[in-house]
Amino acid sequence: MAIEWGKPDVDGLGRAVGALREWQADGAPFQLHPGDLGWFWRFGGEATAAAVRTWSRDGRILAVGLLDGPGLLRLTIAPDALRDEELARRLVDDVTEPERGVLPAGKANIEAPTAALVQDLLAGEGWDTDEPWTPLRRDLTEPVADPGVRIEVARPEQAHVYAAVLRAAFDGSTFTEDRWHAMAAGLPFTDARCLIAYDDGGDAVAVVTVWSAGPGRPGLLEPMGVHRAHRRRGHGRAISLAAAAALRELGSSSADVCTPSSNTGAVAAYEAAGFRRLPEVRDRYRDA
């Protein structure tokens with residue numbers, strides 16, 4: 001059967017989320033997670049559907065892509081199809097020809113599993129490697145240490161608190177209370193938790209959202225941020241420990257996170273919370 005690609009409608013997003021859940025495994029390459037779609041859902045269901053692409057054969061989804069910005073396609077592939085030549089060549093054709101509607105013309109980046117054949121084919125088409133990212137993973141077999149600060153699960157009435165800390169953690173962030181509610185209305189949020197950390201003075205100092213892919217599968221931290229006025233006080237470690245504990249309660253086998261390698265402070269905070277570095281990964285990119 002021929003490979004077909006398409007854009008699901010909002011009702012069809014469930015199949016893409018389901019495929020991403022199924023593909024998560026501790027031994028698999030670091031890859032797009034259902035939580036990544038859940039975090040994108042802050043822009044609403046219609047926007048999320050418009051950003052998702054799927055590639056299928058005989059009705060089975062083999063690859064899922066998320067257009068996470070105008071020129072960034074975050075792509076992942078079913079574990080048993082990572083070296084599928086027909087699929088890889090179709091993916092490369094679709095992303096290199098703007099008229100197909102997968103990626104716009106001009107400068108673009110593609111995130112894909114390191115072991116995928118599509119990486120080799122993109123290199124052959126002249127796509128270079130971009131700046132490194134560091135994936136980290138924490139095993140959740142054993143109980144997680146107490147974070148040492150007060151942690152609350154954000155409810156709808158605390159959305160404004162979560163949003164304010166997140167904006168103060170990331171320069172240029174446009175996250176709002178309304179976007180929290182949009183994210184919380186998304187399908188992946190069924191297995192998610194938003195956490196807020198408070199210091200001894202009662203100030204909200206750090207936030208994180210954790211996403212489960214189901215019992216026995218890796219969960220994801222996306223995003224995690226510490227208020228810029230409360231940094232270098234151990235709050236990154238504390239909220240990361242709380243995130244790992246929340247995922248363990250949800251049945252996750254491990255906790256995953258990925259951050260730019262240049263963000264040494266974030267890498268250090270995760271390592272202090274028991275996360276182990278995995279080999280660096282790099283996007284493929286083409287110049288305009």
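We're numbering straight along the sequence, starting at 1.
Here the side chain of Arg284 pairs no donor or acceptor atom with the backbone of Leu122 at under 3.5 angstrom. Glu222 places no side-chain N or O within donor-acceptor distance of the main-chain N or O of Val257, the cut-off being under 3.5 Å. For His235 (side chain) and Arg232 (main-chain N/O), no donor-acceptor pair under 3.5 Å exists by modelled atom type. A donor-acceptor contact shorter than 3.5 Å links the side chain of Arg53 to the backbone of Gly101. Of the possible polar contacts, none joining the Ser173 side chain to the Phe170 backbone as a donor-acceptor pair under 3.5 Å is found. With Arg179 contributing its side chain and Phe43 its backbone, the two residues share no donor-acceptor pair below 3.5 Å.
Among the candidates Val144, Asp256, Leu221, the single residue satisfying the side-chain contact (heavy atoms from CB on, under 4.5 Å) test with Arg138 is Val144. With respect to Leu67, the side-chain contact (heavy atoms from CB on, under 4.5 Å) criterion is satisfied by exactly one of Leu103, Leu75, Val52: Leu103. When Ile61, Leu87, Val64, Leu62 are each tested for a side-chain contact (heavy atoms from CB on, under 4.5 Å) with Ser56, only one passes: Ile61.
We find the CD1-CG distance between Ile151 and Asp146 to be 8.5 Å, quoted to the nearest 0.5 Å. Summarising the geometry, atom CH2 belonging to Trp5 is positioned 10.0 Å from atom CZ belonging to Arg100; distances are rounded to the nearest 0.5 Å. Here Leu136 contributes atom CG and Thr134 contributes atom OG1; the two are 6.5 Å apart, rounded to the nearest 0.5 Å. Of the inter-residue distances, the one linking Arg282 atom CZ with Thr114 atom OG1 reads 12.5 Å to the nearest 0.5 angstrom. Distance check: Glu4 CD to Asp58 CG gives 9.5 Å after rounding to the nearest 0.5 Å. Distance check, rounded to the nearest 0.5 Å: CG of Asp283 to CG of Asn109 gives 5.0 Å.
In this structure, the side chains of Ile239 and Pro147 stay at 4.5 Å or more apart for every pair of heavy atoms. Taking the side chain as every heavy atom from C-beta outward, Ser240 and Met224 approach each other to under 4.5 Å. Counting heavy atoms from C-beta on, the side chains of Pro188 and Trp39 never come closer than 4.5 Å. The closest side-chain heavy-atom distance from Glu152 to Leu195 is not below 4.5 Å. At a threshold of 4.5 Å between non-hydrogen side-chain atoms, the residues Ile110 and Val95 count as touching. Under the 4.5 Å side-chain criterion, counting only non-hydrogen atoms from C-beta, Arg83 is in contact with Asp120. Counting heavy atoms from C-beta on, the side chains of Pro8 and Arg15 never come closer than 4.5 Å. Annotation: side chain of Thr259 is in contact with side chain of Val267 (closest heavy-atom distance under 4.5 Å).
Nearest approach of Arg42 to Ala182, heavy atoms of both residues: O-CB, 3.5 Å. Among all heavy-atom pairs drawn from Val210 and Ala246, the shortest one is CG2-CB, 4.1 Å. Minimum heavy-atom separation, Phe40 to Ala47: CE2-O, 3.6 Å. Nearest heavy-atom pair across Trp127 and Thr96 is NE1-CG2, 3.7 Å. The two residues Gly225 and Val165 make their nearest non-hydrogen contact at O-CG1, 4.5 Å. Taking all atoms of both residues into account, the shortest heavy-atom contact from Pro135 to Trp133 is CD-O, 3.5 Å.
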Self-check item: Stepwise side chain to side chain contact (heavy atoms under 4.5 Å, CB included) check, Thr48 with Glu46
Solution: CA-CA 5 Å; Thr48 304; Glu46 293 287 347; over 6 Å; no
* Asked: side-chain hydrogen bond (donor to acceptor under 3.5 Å, both in side chains) between Asp178 and Thr176: does it pass, once the steps are laid out?
  -> CA-CA 5 Å; Asp178 286 344; Thr176 63; 5.1 Å; no
**Message:** For Arg228 and Asp171: C-alpha separation, side-chain torsions, deciding distance, then whether side chain to side chain contact (heavy atoms under 4.5 Å, CB included) applies.
**Reply:** CA-CA 9 Å; Arg228 64 175 61 90; Asp171 294 338; 3.0 Å; yes
* Asked: So Ile77 and Leu117, side chain to side chain contact (heavy atoms under 4.5 Å, CB included) or not? Walk me through it.
  -> CA-CA 10 Å; Ile77 299 164; Leu117 179 59; over 6 Å; no
Check the pair Ser212 / Arg193 against side chain to side chain contact (heavy atoms under 4.5 Å, CB included), numbers first and verdict last. CA-CA 9 Å; Ser212 168; Arg193 300 286 186 276; over 6 Å; no
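Within a 6.0 Å sphere centred on CD of Glu157, heavy atoms belonging to other residues, nucleotides or ligands number more than 12. Remark: Arg150 CZ is packed, more than 12 non-hydrogen atoms of other residues, nucleotides or ligands lying under 6.0 Å away.
Criterion: ILVMFWY side-chain heavy atoms under 4.5 Å apart, direct or through other members. Under it, Phe189 and Leu247 are not part of a common hydrophobic cluster. The cluster map of Ile, Leu, Val, Met, Phe, Trp and Tyr, joined by side-chain heavy atoms under 4.5 Å apart, puts Leu72 and Val281 in different clusters. When the side chains of ILVMFWY residues are joined at heavy-atom separations under 4.5 Å, either directly or via intervening members, Val161 and Val207 end up in a single hydrophobic cluster. Cluster membership for Tyr285 and Leu66, using ILVMFWY side-chain heavy atoms within less than 4.5 angstrom, is not shared. Under the 4.5 Å side-chain heavy-atom criterion for grouping Ile, Leu, Val, Met, Phe, Trp and Tyr, Val208 is not connected to Trp180 through any hydrophobic cluster.
A salt bridge links Asp94 and Arg90; the closest N-O separation between the charged side-chain nitrogens and carboxylate oxygens is under 4.0 Å. A salt bridge links Arg60 with Asp80: the closest approach of a Lys/Arg side-chain nitrogen to an acidic carboxylate oxygen falls below 4.0 angstrom.
Seen from the ring of Phe175, Arg167 does not count as a face-on cation partner, given the 6.0 Å and 45° thresholds. Trp55 does not carry Arg57 over the face of its six-membered ring by the limits of under 6.0 Å from the centre and within 45° of the normal.
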Donor-acceptor list for residues 20-36 side chains, cut-off 3.5 Å, not counting sequence neighbours:
unit_1 : atom_1 : unit_2 : atom_2 : d
Arg21  : NH1    : Asp191 : OD2    : 2.9
Arg21  : NH2    : Asp191 : OD2    : 3.4
Gln24  : NE2    : Leu20  : O      : 2.9
Gln24  : NE2    : Leu32  : O      : 2.9
Asp26  : OD1    : Ser253 : OG     : 3.2
Asp26  : OD1    : Ser254 : OG     : 2.5
Asp26  : OD2    : Ser253 : OG     : 2.8
Gln31  : OE1    : Thr76  : OG1    : 2.8
Gln31  : NE2    : Trp23  : O      : 2.9
His33  : ND1    : Gly35  : N      : 2.9
His33  : NE2    : Pro218 : O      : 3.0
Asp36  : OD1    : Arg74  : NH1    : 3.3
Asp36  : OD1    : Arg74  : NH2    : 3.4
Asp36  : OD2    : His33  : N      : 2.8

